[in-house]
Amino acid sequence: MKQTSQLMDGSNLSPMPPDLNPKAKYRRVLFYKFMRNKTALIGGILIILFIFITIFGSIIAPYDPYTQDIINKLQGPSSDHWFGTDNFGRDIFSRVIHGTSITLFIGFSSVILGATVGVLLGIISGYYGGRIDSIIMRLMDVLLAFPGILLALAIVTILGGSTMNVVYAVAISSIPVFARVVRGSTLSVKKLEYIDAMKALGASDIRIIFKHIFPNITSPLIVQATLYIATAILSASGLSFLGLGAQPPDPEWGAMLSDGRSYLYNAPHVALFPGLAIVVVVLAFNMLGDGLRDAFDPKTKE
Amino acid sequence: MRAVTEENILEIKNLQTSFYTRDFEVKAVDDVTFSIPRQKTLGIVGESGSGKSITSLSILRLIESPGKIIGGEILFKGKNLLGKSEAAMRKIRGNEISMIFQEPMTSLNPTMTIGQQISEAYKIHQGLQKKAATKHAIEMLKLVGIPSPEKRVKQYPFELSGGMRQRVMIAMALACNPDLLIADEPTTALDVTIQAQILELIKDLQSRLGMGVLLITHDLGVVAETCDYVAVMYCGQVVEYADKRSLFKDPKHPYTVGLMRSIPTHDRDLEGDLAVIKGTVPSPDEIPSGCRFAPRCSYATELCKSKLPDLQTYNDVNQIRCWIYSDEWDGDSEVNLHAESESTT
Amino acid sequence: MQNQKVLLKVTNLKQYFPIKGGILGRTVNHVKAVDDISFKVYEGETLSIVGESGCGKSTTGRAILRLDEPSGGQVEFRGEDLLSFSKKKMNAIRKEMQIIFQDPYASINPRQTVRQILTEALEIQNVVPKKERGNRVIELLETVGLGTHQADRMPHVFSGGQRQRIGIARALSVNPKLIVADEAVSALDVSIQAQVINLLTKLQREFKLTYIFISHDLGVVRHISDRIIVMYVGKIVEIADKKSLFENPKHPYTRALLSAIPSTDIDNRPQRIILKGDVPSPIDPPKGCRFHTRCPFATELCRQEEPSLRQTNLMLDGHKAACHHIEEIEAGTHQPSPLTVS
Amino acid sequence: MFKYIIRRLIQTIPVLIGVSLFVFSMMHLVPGDPAQIMAGESAPEQQVENIRERLGLNEPLHVQYLKYVTNAVQGDLGNSVRSGRDVSAEVGARFWVTVELAIYSTILAVFIGLIAGVISATKKYTISDTFIMLIALFGLSMPNFWLGLMLIQWFAIGFDLPGWIPFIEKTSWFKPSGWGSFQQVVLPVITLGTGSAAIIARMTRSSMLDVINQDYIRTARAKGVKERIVIYRHALKNALIPVVTVVGLQFGGLLGGAAITESVFAINGMGKLVIDAIAARDFPIVQGTILVIALLFVFVNLFVDITYRFLNKRIDLD
């Protein structure tokens, strides 16, 4: 409601102790809203946990992920093998643990790559407008014309299947997504009067873009990046599942799942656990992204 | 307080509406009392955050969570609206009490035609069928001065200008011939020449249809043009209530006086600097404990700062919330509010 | 006034914004936001531009500063045509002319402290050596009435009025000659508005500033201006010194505008002229006089021929209006059509 | 409106050119000699040369591209390197399978997503809202290949684990593979539609909440309109406008996502065709299929844009 939002607006309403300095206060308000959003908190904790597992994976994992033990193949979950063993008798729990680093690596690096290019294109497109904008956006339209996983599929076809190539493929498919988000935010920030004030002061385009536009579009960017890590992990594991990504015997979750297809009837755990791992990681990033969106959104000020 | 209830179409007594955040309560409207005589216009003036819009939404009980009406009485034709069921309230809304809003651009549903939106009121409150309702809608459009109404009923809001949309809002509000029209900043979003048209229209329709009007505005000029009575609000309270002549000729509250002085007018030359009210409106979480205007008032004494004055009646009708006019006043015995106050930047 | 130095001379300024459309997305039409206007600004004066929304007053201010590139005309600042300047040369001269905006929330970067905002302004134009910038910031804050303890605060802790002061300090930082105030007090509550207006007039006295004051509020304009331009749908309809404009308006639009403003004087109610209809669109403005669609005095001549700004012998020097019928209306020989006056 | 449709059609041309360029260059961007790759590492020189000849790889690139486009426009997408069959015929035979899969999944997603979203929005911050949104979050986070496998496990195969979950020890309610009968259609449609249903539900909810805060909703309430009518007559119609765009995008996304679902359920659609062809390095098939799916997507988007424009009258018409 208009009246209420007018009333509730204004930082002086923030429920913070008044003696903090403003910058710290701003951060605390953000943190406060963030904490309040428990799903985001759970997401964040899970991600930290996964990063922890990535670092200490070899210590945590009870077995070597590559060591085969044909005698004990396709064993169900037991106290020896928490997640059971696969068709080569490898310990699935250890393989899932080791797979974490591959998954996180693909997720983070593809998004960082894609976002960097996308942000650059989006800012240039939004700030300069006109012909440059049309050209960049038509180019993005071409990339967006390949729906879903198809673009990544096409790129992997060209590059060949490997973990690194999956990163490139997912990164390229994310470029138009970031370019569009950033272009939109740039357009709305560009309209604000303080940008005109900087122009009136004689500031250069570079200064305006990097000092006055970029810092003010980071919130939607961070949200988009977090959510896109989830998407990237799904796409990448999908490609591996199809045999176009990480190659055996790497313990990549999608590839492990693919192995499990043949044993659904007599050893369902082979497909179950890597899949669950993907669900939990993706869920964590989605939760964190949702939470960040709420925290940054001025509309959900409580 | 006016004694005879029958004379007033609306009486508000000690209304309190608060908004809640997780940690504290914002008293947006705090102990507001005023009345509107039948067929008269009351103007509520105040700056943003004074609670004037919340007051108007409270009357129709359109306050939504996290807001809540927590006390007082709203007597409409002598009956307390706060005691009515939601279903009974719905029968009153748009039928006996109608409301128009500030933004004619956003206050109309973009996916419904003008005709559908006006005739809805007839369907709800008079049980009319589509055809009859549309016929009435066309008549209403004619009444509010919209050219070729037969064509307009089939149009969507985006096809109309701002002034036209506000006319449509008025047509919608007056469809069921209400006893009270609440107009919340009806002309703030419009240009002056269009504002003049709309104010003229409201005045004209009021005299023809005989309804009471509650006009909410921040513009003293609009009040002077259209209202019979004026309530001045500050920080969720009425600080002064008076008939128009008294208020403009002899304002009593230091805030009212300051407000009038600080506005440059187009029909008079002013020498030197504008008079100013020092400081700013306190934020809702830092409301002073005494008189709410005390921190900005140049006459404030210890009494003002420590104790909230009551709204007291003088001349039978007019009311004032200020210690200067009470027996307890501890400041100068002769306060001359109308002397040129010292201006500060 | 006439013997004063001309600081800025605007000649035949046009600002057309293209409307894309049609099958190939070409420019099919233009919003003629400002259509061939000329005026002068004298050093040290306050020239106000008033009019209703869409009349082109803000566009004029932005075009003068080249915040949007004008479509045509000249803007001479101290005799040099700004529109012929290269981007670099233009940026250098920007320290001479600054702008204050309407929206106190959108006009400052929410992620910079007050000190950063002001330091950056000083840095861009390099008006004071790096060492002295800190002192200059403090000085600026004091000038606009903000406490120096507030220098390291983020904008969101300030109220609207205080933010407007920050905007003013930023404009002042580069020691400009000319300041365009684009609805600079319109978004403020009345009690705060008076404070900011007083600040603006004080600064003008102190720093010998020239203001182009763009506003729709004729009360404020009467208080602050020396001369006033009234615009209607991209054209200047009347230009006069303050006294002439308010006491002796000549153009029927100016008269209607003045009479439409609600007055707080409850005893002397002037006769109100209620204009019928809406302001026409600047995309396809009416032919002839642009006001003829709403003007109670309009004749066939008005519908055909565009009036130019002119002075009659009843008008003081410098007072001009663009109307074919100034004399007849004044003499009472040309009566308004009855429907439009109440 | 007509003008707008024409303009959008014309705007599509550069995208189509871009898409065809990309698809055309796929074969040439692969490191190494495409003919050699297609023939296989150890293929005799003569066979490689044959392929090169057949595909016209000896000609200059622009000539090849022009030929490719000219042929494509006439419905000739070349021949499979492996089977020698006409690509258009191969794709055409599988076209409807994929489109059917995507359509059924979209219908399922829209149906569930809209209902869940509206319930969530009208009961915001209640337990049912939280529950629905939690399910949606899961739906969004589930890889559909895993969901597919799990569905097969539970509803088509069962477990070889006596006493573990006895009642589904051996299930054959639905079929784990193929396309056509009801028993074959259900599981792939759920697999493919779940993610979209989640997205549509979330979108509908936030759009509804946005609309409910609009001024015109307050106007309706001030008029005395019943809350139920406020929601369904005044709010829903406005809230659905942005959802339309999402539905369109989802349908396209499902066309692409079908690749994985088809491969899980061994459905002979375009998706499986392209994946098998990638494995076989059969470039003409890969190119042809990707081109067809991309074109289909571009036109679906065009259609959605026009619908959106039609629904959202607030966008000024030229």
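None of the values given here were measured: they were computed from a predicted structure. So that the names make sense, note that chain A is the first sequence line, chain B the second, and so on, each numbered from 1.
Side-chain atoms of D:Ser263 and A:Arg261, non-hydrogen and from C-beta on, do get closer than 4.5 Å to each other. Looking only at side-chain heavy atoms (C-beta outward), D:Leu149 and A:Phe241 come within less than 4.5 Å of each other. Using a 4.5 Å heavy-atom cutoff, the side chains of A:Phe146 and D:Val23 are in contact. When side chains are defined from C-beta on, A:Asp290 counts as touching D:Arg202, because their heavy atoms get closer than 4.5 Å.
Interface remark: A:Leu143 contributes no atoms to any contact with chain D (heavy atom separation under 4.5 Å). Heavy atoms closer than 4.5 Å to chain A are found in the side chain of D:Val286, but not in its backbone. With a 4.5 angstrom heavy-atom cutoff, D:Val264 touches chain A via backbone and side-chain atoms both. Of the atoms belonging to A:Leu139, not a single heavy atom falls under 4.5 Å from chain D. Heavy atoms of D:Phe138 lying under 4.5 Å from chain A belong to its backbone as well as its side chain.
The greatest number of non-hydrogen atom pairs below 4.5 Å with chain D, out of A:Gly254, A:Ser237, A:Gly160, A:Gly148, is found for A:Ser237. Comparing D:Leu147, D:Val274, D:Leu140 by heavy-atom pairs within less than 4.5 Å of chain A, the highest count is held by D:Leu140. Of the listed residues (D:Val19, D:Ile212, D:Leu255, D:Leu29), the one with the most heavy-atom contacts under 4.5 Å to chain A is D:Val19. Interface summary for chain D: among A:Thr231, A:Val281, A:Asn286, the most heavy-atom pairs under 4.5 angstrom belong to A:Asn286. Contacts with chain A were tallied for D:Gly256, D:Gly18, D:Ser141; D:Ser141 has the most, counting heavy-atom pairs under 4.5 Å. Here A:Ile158 is the residue among A:Val282, A:Val279, A:Ile155, A:Ile158 with the most heavy-atom pairs under 4.5 Å with chain D. Among A:Ala230, A:Pro274, A:Ala271, A:Gly76, the residue with the largest count of heavy-atom pairs under 4.5 Å with chain D is A:Ala271.
With A:Pro147 as the fixed residue, the side-chain contact (heavy atoms from CB on, under 4.5 Å) test singles out one of D:Leu254, D:Asn301, D:Ile293, D:Val298: D:Ile293.
Between D:Phe297 and A:Leu144, the closest heavy-atom pair is CE2-O, 3.0 Å. Between D:Val30 and A:Thr157, the shortest heavy-atom distance links the atoms CG2-O, 4.3 Å. A:Leu264 and D:Gln153 get closest at one heavy-atom pair: O-NE2, 2.6 Å. For D:Phe145 against A:Gly238, the heavy-atom pair with the smallest separation is CE2-CA, 3.3 Å. Considering all non-hydrogen atoms of both residues, D:Phe22 and A:Ala154 come closest at CE2-CB, 3.9 Å. Between D:Pro14 and A:Val142, the shortest heavy-atom distance links the atoms O-CG2, 4.4 Å.
Once rounded to the nearest 0.5 Å, the distance linking CG of A:Leu239 with CD1 of D:Ile260 reads 7.0 Å. Remark: A:Ile149 CD1 to D:Ile275 CD1 distance equals 7.5 Å, nearest 0.5 Å. With values rounded to the nearest 0.5 angstrom, D:Leu134 atom CG is found 8.0 Å from A:Leu283 atom CG. Distance check: A:Leu153 CG to D:Ile278 CD1 gives 4.0 Å after rounding to the nearest 0.5 Å.
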Go through the steps for D:Met150 and A:Leu272 under the test side chain to side chain contact (heavy atoms under 4.5 Å, CB included), then give the verdict.
CA-CA 8 Å; D:Met150 291 299 112; A:Leu272 179 74; 3.7 Å; yes
Quick one: do D:Trp146 and A:Ile278 satisfy side chain to side chain contact (heavy atoms under 4.5 Å, CB included)? Show the steps, please.
CA-CA 9 Å; D:Trp146 184 68; A:Ile278 299 174; 6.0 Å; no
